[in-house]
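Note that this is a predicted model, so its numbers are computed, not measured.
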Amino acid sequence: MGIKGLTKVIGDRCPNAIKSNEIKNYFGRKVAIDASMSIYQFLIAVRQQDGQQLTTESGETTSHLMGIFYRTIRMVENGIKPCYVFDGKPPKLKSGELAKRLERRKEASKSLEEAEELGETVDIDKFSRRTVKVTSEHNDECKKLLSLMGIPYVEAPCEAEAQCAALARDKKVYAAASEDMDTLTFSTPVLLRHLTFSEARKLPIGEIHLNKVLEGLNFTMEQFVDLCILLGCDYCDSIKGIGPQRAVELIDKHKSLEEIIRTLDPKKYPIPDDWMYNEARQLFLNPEVLDPKDIDVNGFILLYFH
DNA sequence: ACTCTTTCTCGAGACGAG
DNA sequence: CCTCGTCC
DNA sequence: ACATCGAGAAAGAG
């Protein structure tokens, strides 16, 4: 789920935190990319006309490899040096969210079976895309491909987005490139959006600067994390009846979740049972990541630019 | 009538020939 | 430019 | 045993 409505909040309240750039502006820059997210998109999107994935003769899926291959080439052609980051174990707090997703996939599988019995090709196509999940085989195959291409990758201990942000914070890369707004909450100083397909679709690349976001909202990083929790994140519930508008107002007025809990009328806005907001906050502020100092983000591709 | 939130649904790549 | 078939 | 997300429309609540 990322952070619900965060893009809109930033767009509305801190428009100057977002810059639009041509891809040319990024020549020579290193960028961290969430690999699992990309693989997922390729598995869904890279299909033939009949909706089937691309496969080898023996039936093994190759859609994710095609996608990673061409996209990476495209980036390198433009002078961008990618470093892919793979997910590790999800944090325990995420299990509730993961259970929901599993449930959703099960429902899609049922709908898929029904559609297959009825021979509704449009529905078969739709639901089969919804049952997609990234396996460790997919990940391993992509790691091997990247090795062969001379592109660096990192295996994060936990959330890939957190590791991407850590790399950017430590100046190992210029930015984290992601469509997932969590990355900002993990304190990446710069977040790039639409990096991958901008050239094909003529969309400019969006560059979001965390310090401008904090300035625009007049929040500290801690307050920004609290805001993200109120908006809705993967790690804990949010408060019913509090959406983007009230969330920003509340943090503005009370400065912290503790103070909000203390003053909110529990009849109007009941606080969730066993609310793990502080644990979620710690995950964002001190995520489990590898020390960027120990990571080599230079593949041998770098040699071409030296 | 209006504002805000919640829920539901949908969609997701890249290439090159013409 | 764009559309459309193809990628395995 | 498990692994994604955002956007927008429509409906609902206060």
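- Residues A/G5 and A/T135 both approach DNA chain D. Their nearest nucleotides, taken by heavy-atom distance, put A/T135 toward the 5′ side.
- For A/K240, counting side-chain heavy atoms from C-beta on, the closest listed nucleotide (B/dA12, B/dC15, B/dT7) is B/dT7.
- Among the protein residues, A/T7 comes within range of the sugar-phosphate backbone only, with heavy atoms under 4.0 Å from sugar or phosphate atoms but none that close to a base.
- A continuous path of hydrophobic side-chain contacts links A/V213 to A/V9 [ILVMFWY only; heavy atoms under 4.5 Å].
- Within the cation-pi definition used here (under 6.0 Å to the ring centroid, within 45° of the axis), A/K133 does not qualify as a partner of A/Y40.
- Note on ring orientation: taking the six-membered ring where Trp is involved, the planes of A/H138 and A/H64 are perpendicular (angle over 60°, cut-offs 30° and 60°).
- Here B/dT5 is the nucleotide among D/dC5, B/dT5, C/dC8 with the atom lying nearest to any side-chain atom of A/P244.
- When distances run from any side-chain atom of A/R193 to the nucleotides B/dG13, B/dC15, D/dG6, the shortest one goes to D/dG6.
- The closest side-chain donor-acceptor pair between A/E159 and A/Y235 falls under 3.5 angstrom.
- Annotation: D/dC5 and B/dG13 have their P atoms spaced 16 Å apart (nearest Å).
- Look at the P atom in both B/dA12 and C/dT3: the space between them is 15 Å, to the nearest Å.
- When distances are taken from the side chain of A/R71 to each of B/dA14, D/dT4, C/dC8, the shortest belongs to B/dA14.
- Atom CZ of A/R47 is separated from atom C1' of C/dC8 by 13 Å (rounded to the nearest Å).
- Put simply, CD on A/Q53 is 13 Å from C1' on B/dG13, counting in whole angstrom units.
- In this structure, A/R130 atom CZ and B/dC10 atom P are separated by 6 Å, rounded to whole Å.
- To the nearest angstrom, P of D/dG12 lies 22 Å from CD1 of A/I242.
- Along DNA chain D, the nucleotide closest to A/K268 and the one closest to A/M181 are compared, and the more 5′ of them pairs with A/M181.
- A/Q48 comes within 4.0 angstrom of a base, heavy atoms only.
- Not one side-chain nitrogen or oxygen of A/T62 sits closer than 4.0 Å to the OP1 or OP2 atom of C/dC7.
- Proximity of A/R74 to the phosphate of B/dC15: a side-chain N or O atom is located under 4.0 Å from OP1 or OP2.
- Nearest to the side chain of A/D234, among B/dG13, D/dC5, D/dA3, sits D/dC5.
- Phosphate contact (OP1/OP2 of B/dG11, side-chain N/O of A/R129, threshold under 4.0 Å): absent.
- Nucleic acid contact for A/Q49: base, since at least one base atom lies under 4.0 Å from a heavy atom of the residue.
- Rounded to an integer number of Å, the gap from NZ of A/K8 to C1' of B/dT5 is 12 Å.
- The same ILVMFWY cluster, assembled from side-chain heavy atoms under 4.5 Å apart, contains both A/L191 and A/L210.
- Between A/E179 atom CD and D/dT4 atom P there is a gap of 16 Å when expressed in whole angstrom units.
- In this structure, CZ of A/R246 is placed 10 Å from P of D/dG14, rounded to the nearest angstrom.
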Apply side chain to side chain donor-acceptor pair (under 3.5 Å) to A/Q53 and A/T61, showing your working. CA-CA 6 Å; A/Q53 289 169 322; A/T61 300; 3.2 Å; yes
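- The distance between atom OH of A/Y235 and atom P of D/dT4, rounded to the nearest whole Å, is 12 Å.
- With distances taken from any side-chain atom of A/V46 to the nucleotides D/dA3, B/dG13, D/dC5, the minimum falls on B/dG13.
- Among the protein residues, A/G241 comes within range of the sugar-phosphate backbone only, with heavy atoms under 4.0 Å from sugar or phosphate atoms but none that close to a base.
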